[in-house]
Amino acid sequence: MKQGTSQDPASRSTQFVPVEGNTETTSAEAMLVAAYLVMWALLIAFVGFGWRRQARVEARLDELEKAVGGSAEARRP
Amino acid sequence: MRKKSDTIFWALLALTALSFFVLIAFVFLRAPTAQPQAGGIAQKIFYFHVPAAYALYLCGTVGFFGAAAYLYKPSETRDAWARAGVECAVIFGLLVLTSGPLWAKKAWGVYWTWDPRLTTLMLNVLLYGAVMVLRAFAGTGDAERRFAAAFTVLGTLLLPVIHYAVKLWGGIHPTVVTQSGGGLHHPDMRTALTLGFVSMTFLAVVLLWWRARLALATSRLSAIEEIAAARGIGATS
């Protein structure tokens, strides 16, 4: 292995030092937009799945109420 | 009577939509940007994050009273409120747990840290999540409902621990909202937070009401399915 190249273990960073100036790479705007999108997506998913479940439950309930009511009518002398 | 309650529900829903419209407009157009150490513009997540945590407390409390009342004297209505409280608490908990890390990445440099408040909040959401899983898979018998109610009561007892975790064990979570007036240094910041609390209260009430009605309809369906099965009517579709 050659000395002084990036392959050389001796050339690896062994410490980090602070530098002057703004080196921040995380965008605050991106975080803000992501947070709002994730929050709304969660809420919409919760309401959407609940809505579908409600429609299923109500349809089945109507169907069974009619069937049970109908059978009670039929059994009546 | 049912029509009147429907009207109130839709009116509440309209109020919720209106309050969120005002909140979003105010947060993005009027509320000032905070200092860079607080995340700069990402600090605006705060106006949804904190009210969502408050809504979690609100729904958890409703779930607690429903569950405690069910344990004292079981009824379908009490079980429905216990169920609705837990379901809504989980969704608000998820809103807090997803919005917080995105703000933290900017303000703290990391998405997650095992801070006492974050950890206890996550435990609470996991506990409520366990109650939801139990209700979904363990059947709808009285024993299962009692078990779920007991877990709900235990989960809600964690809420004061979450709230006081910062005072009890420290950590890096901010304590801006305090009883002594808080650390919001601009009137528009305080207005935005108040609007956030109002909007989330409306949203919590609407979601609780809706989920309680759904839970009641589900238990009515279970009861009628038993009657139908006893009479030999209608295979499940």
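These numbers come from a predicted model, not from an experiment. The chains referred to below are lettered A, B, ... by the order of the sequence lines, with proteins before strands, and numbering in each begins at 1.
Here B:Ala42 is the residue among B:Gly100, B:Ala52, B:Ala42, B:Gly40 with the most heavy-atom pairs under 4.5 Å with chain A. Each of B:Thr98, B:Ile227, B:Ile224 has some count of heavy-atom pairs under 4.5 Å with chain A, and the biggest count is that of B:Ile224.
Neither the backbone nor the side chain of B:Trp103 comes within less than 4.5 Å of any heavy atom in chain A. Contact annotation for B:Glu87: both backbone and side-chain heavy atoms come within less than 4.5 Å of a heavy atom of chain A. For a residue to count as touching a neighbouring chain, one of its non-hydrogen atoms must lie under 4.5 Å from one of that chain's; by this rule B:Ile41 touches chain A with backbone and side chain alike. Looking at A:Trp51, the atoms closer than 4.5 Å to chain B (heavy atoms on both sides) sit in the backbone and in the side chain alike. Both the backbone and the side chain of A:Val47 come within less than 4.5 Å of a heavy atom in chain B. When heavy atoms are compared at a cutoff of 4.5 Å, A:Val57 approaches chain B by way of both its backbone and its side chain. Looking at B:Val206, neither its backbone nor its side chain comes within 4.5 Å of chain A, counting heavy atoms on both sides.
Interatomic distance, A:Leu32 CG to B:Gln43 CD, rounded to the nearest 0.5 Å: 9.5 Å. Distance CD/A:Gln54 to CZ/B:Arg213: 7.0 Å, rounded to 0.5 Å. A distance of 9.5 Å separates CG in A:Leu42 from OG in B:Ser99, rounded to the nearest 0.5 Å. Remark: A:Met31 CE to B:Lys105 NZ distance equals 6.5 Å, nearest 0.5 Å.
In this structure the side chain of B:Arg220 reaches within 4.5 angstrom of the side chain of A:Glu65, judged on heavy atoms. You'll find the side chain of B:Val27 reaches within 4.5 Å of the side chain of A:Tyr36, heavy atoms only.
Annotation: A:Phe46 is not in aromatic contact with B:Phe92 [ring centroid separation under 6.0 Å not met].
Looking at A:Arg60, its side chain never comes within 3.5 Å of a backbone N or O of B:Leu221 through a donor-acceptor pair.
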key: Step-by-step side chain to side chain contact (heavy atoms under 4.5 Å, CB included) determination, A:Val38 to B:Leu95   = CA-CA 8 Å; A:Val38 168; B:Leu95 294 187; over 6 Å; no
